[in-house]
Amino acid sequence: GDSVTQMEGPVTLSEEAFLTINCTYTATGYPSLFWYVQYPGEGLQLLLKATKADDKGSNKGFEATYRKETTSFHLEKGSVQVSDSAVYFCALDSPTNAGKSTFGDGTTLTVKP
Amino acid sequence: GAVVSQHPSWVICKSGTSVKIECRSLDFQATTMFWYRQFPKQSLMLMATSNEGSKATYEQGVEKDKFLINHASLTLSTLTVTSAHPEDSSFYICSARWTSGSEQFFGPGTRLTVL
């Protein structure tokens, strides 16, 4: 079945540091890939997405590129801020999975001033 | 983007009582809604998929008689936790999509505490 594997956390960085959160996936067919962010006590918000190979999703300084050859969708940001502290989830939607999403376990990011 | 609301945002109830959580898509019609459960510091666990006008499809291990799901209209789905017990305490999140293949929009979640 489909699966998503995320880099284990927690991740602690200083403000303005470079961020990478690794995400790899296993899926049948051609899935769409997503990164969601969850702030404390809230639901998930879509951060960015990519629907086909080599697409780059970007939002709020975050980027991720859909790499079919390595089945990866790593999240990056060049300079993190304290306000980026949250839990980040990588997810995929597979057309063969009845419209259901598969989520990674989440990576907690803490950015210190 | 599209907005999904949940009500209540938090609820505390006594063991043995039932609790209803509403999920509404405010500015679009949702053909499919999903209900998730999230334990502290863990990922989302899909409980069931709800399609408007039909019975919900439950994931393996989720008791359909305990977690009653109704999707009566294209903008409203409800989750009722029947005879709640302390182990049902959790963060319940719904999401909605307007058509197959479109992205999901998540509600803000409902924190349930059963005493």
Side-chain angles (χ1 to χ4, degrees), chain A residues 1-11 21 23 25 27 29-52 55 57 59-60 66 85-110, chain B residues 1-10 21 23-26 30-52 54 56-60 62 71 90-113:
Chain A
D2 299 341
S3 67
V4 174
T5 303
Q6 277 183 243
M7 183 174 82
E8 287 188 24
V11 174
I21 301 178
C23 172
Y25 67 90
Y30 300 93
S32 295
L33 302 175
F34 304 84
W35 276 101
Y36 292 92
V37 58
Q38 184 179 31
Y39 298 101
E42 298 183 12
L44 275 67
Q45 302 174 27
L46 178 65
L47 181 59
L48 53 85
K49 67 178 181 180
T51 58
K52 61 182 188 297
D55 268 2
N59 185 27
K60 300 180 181 180
Y66 189 143
S85 299
V87 182
Y88 292 83
F89 292 93
C90 184
L92 69 84
D93 279 6
S94 172
T96 61
N97 197 20
K100 294 185 284 189
S101 295
T102 302
F103 289 86
D105 289 340
T107 301
T108 300
L109 170 66
T110 301
Chain B
V3 179
V4 175
S5 70
Q6 279 185 242
H7 178 80
S9 56
W10 60 270
I21 303 170
C23 176
R24 293 182 185 272
S25 56
L26 298 185
T31 56
T32 304
M33 289 184 170
F34 301 91
W35 285 97
Y36 297 87
R37 184 173 178 177
Q38 186 180 34
F39 293 97
K41 298 185 178 180
Q42 293 190 23
S43 189
L44 281 72
M45 180 191 80
L46 179 65
M47 299 174 66
T49 302
S50 169
N51 291 297
E52 188 266 338
S54 62
T57 303
Y58 291 81
E59 295 299 301
Q60 193 171 10
V62 178
H71 193 160
S90 192
F91 195 52
Y92 292 88
I93 302 175
C94 73
S95 72
R97 60 170 24 135
W98 70 278
T99 188
S100 178
S102 65
E103 66 184 82
Q104 292 185 55
F105 297 95
F106 286 83
T110 297
R111 173 75 58 193
L112 170 64
T113 301

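Every chain is numbered from 1, with letters handed out A, B, ... down the list of sequences.
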Quiz item: For A:F89, which residues count as a ring pair (Phe, Tyr, Trp, His ring centres under 6.0 Å) partner, sequence neighbours excluded?
Solution: none
Exercise. Carefully, step by step, assess B:Q104 and A:F34 under the rule side chain to side chain contact (heavy atoms under 4.5 Å, CB included).
Key: CA-CA 10 Å; B:Q104 292 185 55; A:F34 304 84; over 6 Å; no
Quiz item: Which atom pair, heavy atoms only, marks the closest approach of B:I93 to A:G43?
Solution: CD1-CA, 4.4 Å
Quiz prompt | Partner residues of A:T107 under the side-chain hydrogen bond (donor to acceptor under 3.5 Å, both in side chains) criterion, sequence neighbours left out | solution = A:Q6
Quiz item: chain B heavy atoms under 4.5 Å from A:T102: which part of the residue, side chain, backbone, both or neither?
Solution: neither
Exercise. Kindly determine whether A:D93 and B:R97 satisfy side chain to side chain contact (heavy atoms under 4.5 Å, CB included), including the steps that lead there.
Key: CA-CA 12 Å; A:D93 279 6; B:R97 60 170 24 135; 2.5 Å; yes
Practice problem: Keeping the roles fixed (side chain from B:S43, backbone from A:G106), state whether a donor-acceptor pair exists under 3.5 Å. | Solution: no
Quiz item: Can you name the nearest heavy-atom pair linking B:F106 to A:L44, along with the distance?
Solution: CB-O, 3.2 Å
Quiz item: A:L46 versus chain B, heavy atoms under 4.5 Å apart: side chain, backbone, both or neither?
Solution: side chain
Quiz item: Which atom pair, heavy atoms only, marks the closest approach of A:G41 to B:F91?
Solution: O-CZ, 3.9 Å
Quiz item: Near A:Y30 OH, under 6.0 Å, is it more than 12 heavy atoms from other residues, nucleotides or ligands?
Solution: no
Quiz prompt | Residue part contacting chain A, namely of B:Q38, when any heavy atom lies under 4.5 Å | solution = side chain
Quiz item: More than 12 foreign heavy atoms under 6.0 Å from CD of A:E8: is that the case here?
Solution: no
